Amino acid sequence: MEYPFHKIEKKWQKIWKDREIFKANDHSDKPKFYVLSMFPYPSGALHMGHVSNYSIGDAITRFKMMQGYNVLQPMGYDAFGMPAENFAILHNSHPKITTEENIDIMRKQFDMIGFGLDWSREVSTCRPDYYKWGQWFFKKMYENGLAYKKSSFVNWCDECQTVLANEQVEDGKCWRCDGVVRQKELEQWFFRITNYAEELLDFSGVLDWPEKVKIMQTNWIGKSYGTNIHFKLENEEDIITVFTTRPDTIFGCTFMALPPEHPLVTRWLKQEKEDSELYQFCERILNEDKIKRSAEDTTKEGIFSGRYAINPVNGEKVQIWITNYVLMEYGTGAVMAVPTHDQRDFEFALKYDIPMKIVIQHPEKPFTLEEMKEAYIAEGILVNSGKFNGMESGASQKAISEWMEENQLGEQTVTYRLRDWGISRQRYWGNPIPIIYCENCGEVLVPDADLPVLLPDDVKLGKTTKNPLLSVDEWVNTACPKCGGPGRRETDTMDTFVDSSWYFARYSDAHNDKMPFSRDKADYWLPVDQYIGGIEHAVMHLMYARFFHKFMRDLGMVSSDEPFARLLTQGMVTKDGAKMSKSKGNAVDPQYIVDRYGADTVRVFMLFASPPEKDVEWSDEGMKGSFRFLNRIWRLFEDNIEIIKNNLGTYSGNGSVDSTLKELRFSTQFTIKKVLEDIKGRMQFNTAIAAIMEHLNHVYSIIDLENLNKAELAVYAEACGIIPRLLYPFAPHIAEELWQMTGNKQLLHESGIPEYQKEFLVRDEVTYVVQIMGKIRGKLEISANATEDEIKAAALDLENVQKYTENKKIEKVIVIPKKLVSIVMG
RNA sequence: GCGAAAGUGGCGGAACUGGUAGACGCGCUGGACUUAGAAUCCAGUGGGAGCAAUCCUGUAGGGGUUCAAAUCCCCUCUUUCGCACCA
């Protein structure tokens, strides 16, 4: 017989709902704990990834509630964006309608699994009461000089018909649709995240984040120290500034490399005839897209511009080359090339027969130009470097930079790989940027009183190559808020990552219509104590959210420095080794599993199959194993309910207890300790569940219940009685039911966490493993308070040990308390 | 190429600061119950030798430190993830 999970789950979901136990209070005597799992895109039905993710959050939520915290676990929807727009087109509907429909389905499914969510704080990014504040934040960014518009080459996805940030391009493909990304020149809105680059490198404000995520963000920001050096041009007024991390090689600079986009090159080209070699070369490279240009196998190409620059440290003429391997976006967009000490420059110089000069020598084995097969990039001694000759290259960097600063030839500087965050999207289903263009006044912000700029409902969607908003004349054409003259609305909408950069704060005060949230409530709840989500958001979402949080702090809206104190990056759900997904055809529908085996079964399986940060490999058989486990617990209670009920809490510690029951008592205490430690310390739910299973096996090993005395029955009842409380974070429905069956009136989260009794965690007899020369030769059962000498004697007395030690000299005997005896022989 | 993590039975995974490798679960084998199946229960289950006690071997591969290594150190290989002409 299967246990009546259907009835039980419905029953408790209703009780939890009626009693509003997951509705968090904004003020409480209890300490607060904010558990947040990344909100989902409302795709319509939950998939196993959701179940896995939110089961982790819910286990933490319920455990923290048992611990007596005032816990907030909210839920919402990341509802704007491409997929929602495409979904609506596919269903010949409107995203406003389909999104709300999908949300309704998902909310029901969340409840069906019994997640302890505070629905009173639900947010959806596509609703005006939410996106109004996104627009408000845009204005704040603008007013603080952090939002600006510029024309630039952008990553353009033809499939999505929109712009992508660098972070959103993976392998030259769109992170969302896998379509090819090409370069397109457009006017775009940017957020000046680079202003916060330095602070984003500082992770001292987070309590516990995976090292991996910190490293990824650090690499992404890519800070490097170096020197800007100014080169004068020969016969021209202009100055070219280069950025280098190797100022110690400056005397070896024999050419300069510029990309064809460099403004100076653009100017030179205007003086060229269109059929000139130089012009043709630049045209060709410019038309190649950047992804291709920066691919690893692209060969370095270049052309001599015919112009020269003057090396400021020695006055030498250096050729200026235009090349395809220099990036306009990094550093100053110009490179001083030192072929002898940079591999790329070396290859280039070799190809085009450009002169080279050694300026750093190997301290022991000097080499000549003719011997060089590759650039010498290691440390060494400076040569051919004027007054710096003989200096060690490492030390000379500072000396040379300082000397250049004194002579105004250059200055020390810091460069970041991080670029500003392009937030413009040419799509309909997003948050409108609250800007109006007026012929007289230029860019004008929409006044607060007119927020939100509502998305027009009546638009033509479908396979358009243009932003659908452009075709809504009555929306686009509006009056200038400043002069009242004719104005046009900005038709770009914001990247959806903007919406998800502050939602965690909105949950603290989800219905505020005066502000995004009040400082009072935000300060009570923030930072999020435990954030849970996929590793795929390690750079983008998590960095944008940190940026936004720091910005909100600078606006005086929050007082914390970081949004997420602890971060857990959970693995994905796989089947047959591949990520579970509809498109791969290996998806398992949670609805079916819940209908057939119950929500508790799915949750237990998800948490048991692997530690949370690792992938979970789906297994039908494994899932049935979890079902079996819950059924075994159920039967135990059903069969012995009277014994358990009547003897629970009657154990006084007195009375004779048989050794098997002593073992059971030990198991009870040990399991409590183990489960608490696994949840609190490492969040290893898999081993916590394994410990409960083990304990259950112990309980089942007691069969002759009718022969137990009063004290033993009490031990038995206690061993059973502890199970619901330990199980609650993982399988809350069955746990509540069993808890109630045994006569408890409170709900489990009010029961407090179980405490173990140290005095029963002591064993009378201890097992020692006896090793001789590192090999196990026997085991020893001995009283726990035996002295070291007694243990040694007993170990040496073992028959099998004697066999090995007979007539041999024993050098020493090592005793590790309660573990092993190691005998060392000559 | 650079950076990070990881390699343990047929499978998912345990082993926390070096101290019984393989907990727990799945699968498999044998048995009980049953007309039969499902469910349940009992026993076994890294490999090899042996009736057995017991012994040998074993944590990607090779070396090392140690009384003792899955765990620490060095080298090699493989896999996954991130970055990739960043000057």
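Keep in mind it's a predicted model, so treat the numbers as computed, not measured. So you know, we letter chains A, B, ... as the sequences are listed, proteins then strands, and number each from 1.
When the salt bridge (charged side-chain N to carboxylate O under 4.0 Å, His left out) test is applied to A/Lys212, no partner is found at least two apart in sequence or on another chain.
Remark: A/Val335 in residues 331-341 of chain A come within less than 4.0 Å of RNA chain B through at least one heavy atom.
Judged by atom type and distance alone, A/Gln771 reaches the base of B/G19 through a side-chain donor-acceptor pair under 3.5 Å. Side chain A/Lys624 to base B/C26: no donor-acceptor pair is found below 3.5 Å. Evaluation of atom-type donor-acceptor distances gives a pair under 3.5 Å for the side chain of A/Lys779 against the base of B/U20.
Closest to the side chain of A/Arg682, out of B/C16, B/A68, B/G25, is B/C16. Relative to the side chain of A/Val769, the nucleotides B/U20, B/U54, B/U57 differ in distance, and B/U20 lies closest. Distance from the side chain of A/Leu820 is smallest for B/G19 among the nucleotides B/U20, B/C24, B/G19. Considering only side-chain atoms of A/Arg628, the nucleotide from B/G13, B/C26, B/C81 that sits closest is B/C26.
Inter-residue side-chain proximity for A/Asp678 and A/Phe685 is flagged as unmet; no heavy-atom pair is nearer than 4.5 Å.
Nucleotides B/G46 and B/C51, compared at atom C1', are 23 Å apart to the nearest Å.
Remark: the A/Glu411 side chain and the A/His230 side chain contain an N/O donor-acceptor pair separated by less than 3.5 Å. With no hydrogens or angles considered, a side-chain donor-acceptor pair links A/Tyr416 and A/Glu198 at under 3.5 Å. A/Arg284 and A/Asn324 share no donor-acceptor pair across their side chains, judged by distance under 3.5 Å alone.
Electrostatic pairing of A/Glu617 and A/Lys575 does not count as a salt bridge here, judged by no charged N lying under 4.0 Å from a carboxylate O.
Looking at heavy-atom distances under 4.0 Å, A/Asn631 makes no contact with the nucleic acid at all. Within the 4.0 angstrom heavy-atom criterion, only backbone atoms of the sugar-phosphate kind lie near A/Gly625; the bases stay farther away. Within the nucleic acid shown, A/Ile814 comes within 4.0 Å of at least one base atom, counting heavy atoms only. Heavy atoms of A/Asp345 sit nowhere under 4.0 angstrom from any nucleic acid atom.
The distance between the ring centers of A/Phe497 and A/Trp421 does not fall below 6.0 angstrom.
Summarising the local packing, CD of A/Glu799 is surrounded by 12 or fewer heavy atoms from other residues, nucleotides or ligands at distances under 6.0 Å. The neighbour count for A/Ile303 CD1, taken as heavy atoms of other residues, nucleotides or ligands under 6.0 Å away, is above 12.
For the pair A/Ile823 CD1 and B/A68 P, the computed distance is 14 Å after rounding to whole Å. If you take CG of A/Leu607 and C1' of B/G13, they are 14 Å apart, rounded to a whole angstrom.
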Point to revise | 5'-to-3' dot-bracket of RNA chain B (Watson-Crick, G-U; under 3.5 angstrom; crossing pairs as [ ]; | other strand) | key: (((((((..(((......[....)))((((((.......))))))((((....))))..(((((..]....))))))))))))....
